[in-house]
Amino acid sequence: MKRIQWILIVGLLVSLGVPRASLGQISSSAIVGVVRDATEAVIAGAEVTVTNVDTGISRTRESGPSGLYRVGDLQPGTYQITVSVVGFNRETRRDILLEVGREVTLNFTLQVGAVEQEVVVTGEAPVVETTISSVSTNVSQVQLRELPLNGRSFADLVTLNPGAVTPHIGQGRGANYGFAPQLSVAGARTDANSFRIDGTDLMDTRNQNPGSAAGVQLGVDTIREFQIITTNAKAEYGRNAGAIVNAITRSGTNEWHGSAFEFLRNNKLDAAQLEDVDGVVPPFKRNQFGVTLGGPIRRDQTFFFVGYEGLRQRLNDTNTFRVPTADGRRGIGVPGFDPSMDVVDSRVVP
């Protein structure tokens, strides 16, 4: 019986991981470049091997007749690239960081020699993209984990992008516009944005910014990073004229990793607002908690990552309304009103 339970659990985890393997170019990255020799002549047929350092998964391509190579559909992460061809030294570049939606250009110049001789270069990929004309900003894992977030909604970090503002305060503008905070990026309309996660559309049923009943998007600990494209997005995004928020979830690696957390916020340190009667702060308590776990099912081949986050909030508000005074209800001090007259069924009678 226990064996059947384990088979069902592993099957569920694998099925949850299948969509990650079939993601399109929208949420993946790529490495492109040209392989040349010391005389700047192109080298065709060079073997280019790209290896994800965290998962150990490798992909191999060959340079074409023009020396050009391209390795696409790569998940964001840290990579090692090795180029080899008969008659030249093998060259390896390490610590190449790929961000979501980025296309990195890495050119290689091989020296004449034996393949057994290797040149190792350690360093990050160049920051400037030369193959994509889109204007975008990336929010990294460090920013997601370390920056304070009231409500822990990763969408709040979109405002780190230049030109991104939240013109409407609070939880959207009702059912027609969703409950998530409205965002205007680069002057576009607040309902022109597109949110995607792992290449899947994340918009609500009215194509508005996604958000829960609490007005937030949970799951900061399950998001690896995300990209905000503000101008000149590629054709595959389509449809939306505003910003493209392109998020990708975390995945398992060859190493086990996980976390457990709880965040508490209450009214103990809150200050009374002007509307609060006698300066009494209304009761408020918010608990946000969750766990994450990731690791290998089969090293260098199959991985899993699961996460759960819950929100429990108890909040009272003080509402104020403008009502007539006692004299106002009698018509005293109201311009144009004769207190000797009564109003009955919208007709003025003596």
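The first residue of the sequence shown is numbered 1, and numbering continues consecutively from there.
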### Query
What is the distance from atom CG of Leu98 to atom CD of Glu103, rounded to the nearest 0.5 Å?
10.5 Å
### Task
For Asp201, enumerate each residue passing the salt bridge (charged side-chain N to carboxylate O under 4.0 Å, His left out) test, keeping only those at least two apart in sequence or located in another chain.
Arg239
### Query
When you look at Asn161 and Thr137, which way does the side-chain hydrogen bond (donor to acceptor under 3.5 Å, both in side chains) test go after all the steps?
CA-CA 6 Å; Asn161 184 80; Thr137 302; 2.6 Å; yes
### Message
Closer than 3.5 angstrom, by distance alone: can the side chain of Asn138 be matched with the main-chain N or O of Ser140 as a donor-acceptor pair?
### Response
no
### Message
Between Arg312 and Asn287 (side chain of the first, backbone of the second, donor and acceptor by atom type, cut-off under 3.5 Å), is there such a pair?
### Response
no
### Query
When clusters are formed from ILVMFWY side-chain contacts under 4.5 Å, directly or step by step, what else is grouped with Val280?
none
### Task
Flag yes if more than 12 heavy atoms outside Arg298 fall under 6.0 Å of its CZ atom; otherwise flag no.
no
### Message
Between Arg93 and Leu106 (side chain of the first, backbone of the second, donor and acceptor by atom type, cut-off under 3.5 Å), is there such a pair?
### Response
no
### Query
Any sub-3.5 Å donor-acceptor pair from Ser29's side-chain atoms to Glu99's backbone N or O?
yes
### Query
ring-ring contact (aromatic ring centres under 6.0 Å, His included) with Phe154: which residues, sequence neighbours excluded?
Phe226
### Query
Looking at residues at least two apart in the chain, or sitting in another chain, which of them share a salt bridge (charged side-chain N to carboxylate O under 4.0 Å, His left out) with Glu47?
none
### Task
Applying side-chain contact (heavy atoms from CB on, under 4.5 Å), run through Glu309 and Thr222 and close with a yes or a no.
CA-CA 9 Å; Glu309 183 166 354; Thr222 59; over 6 Å; no
### Summary
Using a 4.5 Å side-chain heavy-atom cut-off and chaining through intermediate ILVMFWY residues, the residues clustered with Val53 come out as none
#### Entry: Spacing of CD1 belonging to Ile81 relative to CD1 belonging to Ile31, to within rounding of 0.5 Å
3.5 Å
### Task
Is it possible for you to check whether Arg152 lies under 6.0 Å from the centre of the six-membered ring of Phe261, through NZ or CZ, and within 45° of that ring's axis?
yes
### Task
Report the C-alpha distance between Thr190 and Ser184 in whole Å, list the side-chain angles of each, state the deciding distance to 0.1 Å, and finish with yes or no for side-chain hydrogen bond (donor to acceptor under 3.5 Å, both in side chains).
CA-CA 5 Å; Thr190 58; Ser184 175; over 6 Å; no
### Task
Not counting sequence neighbours, which residues clear ring-ring contact (aromatic ring centres under 6.0 Å, His included) with Tyr69? List them please.
none
